[in-house]
Amino acid sequence: MLKVNENFLKLPGSYLFSEVARRIRVYSEAHPGAEIIKLSIGDVTRPLVPAVIQAMHKAVDEMGRLEGFHGYGPEQGYEFLREAIAQGDYAVRGVDMKPNEIFVSDGAKSDCGNIGDIFGVDNVVAVCDPVYPVYVDTNAMAGRAGEYQEELGRWNRLVYMPCVEANSFSPEPPKEIPDIIYLCSPNNPTGAVISRERLKAWVDYANAHGAVILYDSAYEAFISSGDVPHTIFEIEGARTCAIEFRSFSKTAGFTGNRCAYTVVPMELERGGAKLNSLWNRRQCTKFNGVPYVVQRGAAAVYTPEGRAQIMANIDYYRANARVIREGLSAAGLVCFGGVDAPYIWLKTPGGAGSWEFFDQVLDKANVATTPGAGFGPSGEGYIRLTAFGDAQATKTAVERVADMFR
């Protein structure tokens, strides 16, 4: 008789953002006149910039001519984009990254989950708490997380690294030495960043214990503080212990186009194997590559015009973050993040539960948020707000929520 992957049956409830969407839908159906403003799911709202559109139009025209048509592309990504990434994201920061260490994909979310394919199920995994749910759920699906402890809201085989107000929402090495360490900076959901000094300590820790850091820097473009690295490979020693995930989704508004990349240095070896070779084998087997037209659009991000245009959009979202952080702080609410990241981490007033506060804000202000409890045990008592909305709608949402506490 056929057997299913029973690890899926251990997953609690539904995926966090699916549950948020469901609750918004239920509320909307019950209150048809409500004008709900979503500061919940972090989807972009600004259109693609002209440089990207022009490049994609040109690529579409190429695809319509015999001499310019492209069929299956290289699973690792076209050389023109990998070279643009190597120069535009790494060489400009003094980091020597070769194109064959860069793998273009359809999203950082996909890669963060799929990277587990190259690791054994017996590895000990450490995650930040609160944490982006994909890190946890995909390891649970693979059987690395063990059993879900409903009363604690956590998995018994995962090592949770509390990121709380007391440690400035920055993870610290756990007592139990992990094999795989997930780090995210700027962090989703807290908006916190890891300083150069702390990141160096993590790199030294991983190298000393033979661990691998899976470093998610999907929100790197929002960093404005001078002492915060834009890539883990700015840190000496990272090439022997780290894999980095990047995305064009939030940087260039590609959530509807799907394009990202993962960097696996040639020096990174474990178990006598180069992880670059293992990831290459995985991608060649399970992935057919990102469309040519999309990759041409992504490459346009690295032109002078493209860079200036996408940074204008980033500044638009940064302004939204400032409006949220300053407006709600003025109303007496405690806010974190929103400086180097597009997310604001708001402490629920009066010790209210995060789902309880989610319901209150949705009902009284018609504003949708994301409950912190959905990101892990240490997320309870917080909600996440996103700056990826329309500027006027964001101002209106802040005024509505602030009015609840005036």
Side-chain angles (χ1 to χ4, degrees), residues 12-28 34 36-43 128-134 136 153-154 162-166 168-169 184 186-192 219 222 250 317 320-390 393-406:
S14 62
Y15 182 59
L16 169 61
F17 299 109
S18 298
E19 176 61 17
V20 168
R22 186 193 71 79
R23 293 195 181 206
I24 295 172
R25 183 176 65 254
V26 169
Y27 183 86
S28 297
I36 298 174
I37 299 175
K38 296 179 181 179
L39 300 185
S40 49
I41 297 176
D43 195 2
C128 296
D129 175 29
V131 63
Y132 182 42
V134 170
V136 172
R154 57 191 291 165
C163 297
V164 294
E165 189 174 351
S168 301
F169 304 100
C184 180
N187 185 266
N188 178 12
T190 66
Y219 301 97
F222 290 86
K250 310 304 167 59
Y317 296 131
N320 282 349
R322 185 166 57 252
V323 166
I324 297 170
R325 188 181 68 252
E326 294 178 356
L328 296 183
S329 295
L333 296 169
V334 179
C335 300
F336 304 93
V339 176
D340 294 298
Y343 296 122
I344 290 81
W345 192 234
L346 185 150
K347 195 171 185 176
T348 59
S354 56
W355 281 107
E356 175 191 353
F357 192 63
F358 168 90
D359 290 334
Q360 289 177 4
V361 174
L362 182 60
D363 184 46
K364 295 181 180 180
N366 286 172
V367 173
T369 62
T370 304
F375 295 100
S378 293
E380 182 55 276
Y382 295 86
I383 60 169
R384 191 196 74 173
L385 302 167
T386 174
F388 285 119
D390 171 78
T394 298
K395 291 178 182 178
T396 301
V398 170
E399 290 170 0
R400 289 182 187 177
V401 176
D403 283 345
M404 292 174 58
F405 300 95
R406 289 199 175 105

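Along the sequence shown, the residues carry numbers beginning at 1.
- The two atoms that bring Leu16 and Pro133 nearest to each other are CD2-CG, 4.0 Å, heavy atoms only.
- With contacts defined as side-chain heavy-atom distances shorter than 4.5 Å, the pair Ile383/Thr370 does not qualify.
- In this pair, Phe357 and Phe405 present their aromatic rings tilted. The plane angle is within the 30 to 60° band.
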field: side chain to side chain contact (heavy atoms under 4.5 Å, CB included) between Phe222 and Asp340, intermediate numbers included
entry: CA-CA 5 Å; Phe222 290 86; Asp340 294 298; 5.9 Å; no
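- Judged by distance alone, with hydrogens and angles left aside, the side-chain atoms of Arg325 form no donor-acceptor pair with the main-chain N or O of Phe336 at under 3.5 Å.
- Interatomic distance, CG of Leu346 versus CG of Leu333, reported as 5.0 Å (0.5 Å rounding).
- With rounding to the nearest 0.5 angstrom, the CZ atom of Arg400 is 15.5 Å from the NZ atom of Lys364.
- Relative ring orientation between Trp345 and Phe375 is described as perpendicular, the plane-to-plane angle rising above 60° on a 0-90° scale split at 30° and 60°.
- Ring centroid separation for the pair Tyr219 and Tyr343 comes in under the 6.0 Å cut-off.
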- request: Go through Tyr27 and Asp363 one step at a time and tell me if the side chain to side chain contact (heavy atoms under 4.5 Å, CB included) criterion holds.
  value: CA-CA 8 Å; Tyr27 183 86; Asp363 184 46; 3.1 Å; yes
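- A distance of 7.5 Å separates OG in Ser28 from CG in Leu362, rounded to the nearest 0.5 Å.
- Comment: Arg23 engages Glu19 in a salt bridge, judged by a side-chain N to carboxylate O separation of less than 4.0 angstrom.
- Contact check for Ser40 versus Thr386: no side-chain heavy atoms found under the 4.5 Å cut-off.
- A heavy-atom distance below 4.5 Å is found between the side chains of Val20 and Pro371.
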task: Would you please test Thr394 and Leu39 for side chain to side chain contact (heavy atoms under 4.5 Å, CB included) and show each step?
output: CA-CA 8 Å; Thr394 298; Leu39 300 185; 4.3 Å; yes
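- At least one donor-acceptor pair closer than 3.5 Å links the side chain of Glu380 to the backbone N or O of Ser354.
- Separating the CG atom in Asp390 from the OG1 atom in Thr396 is a distance of 8.5 Å, to the nearest 0.5 Å.
- Ile36 is listed as a side-chain neighbour of Ile24, based on a closest heavy-atom distance under 4.5 Å.
- In terms of modelled atom types and a separation under 3.5 Å, the side chain of Arg384 and the main chain of Thr369 share no donor-acceptor contact.
- Without hydrogens or angle criteria, Asn320 side chain to Gly389 main chain gives a donor-acceptor distance under 3.5 Å.
- Nearest heavy-atom pair across Glu165 and Lys347 is OE1-NZ, 3.2 Å.
- One finds the SG atom of Cys335 at 7.0 Å from the CG atom of Leu385 (value rounded to the nearest 0.5 Å).
- Between Leu328 and Val401, some side-chain heavy-atom pair lies under the 4.5 Å cut-off.
- Using modelled atom types, one side-chain atom of Asp129 and one backbone atom of Ser378 make a donor-acceptor pair closer than 3.5 Å.
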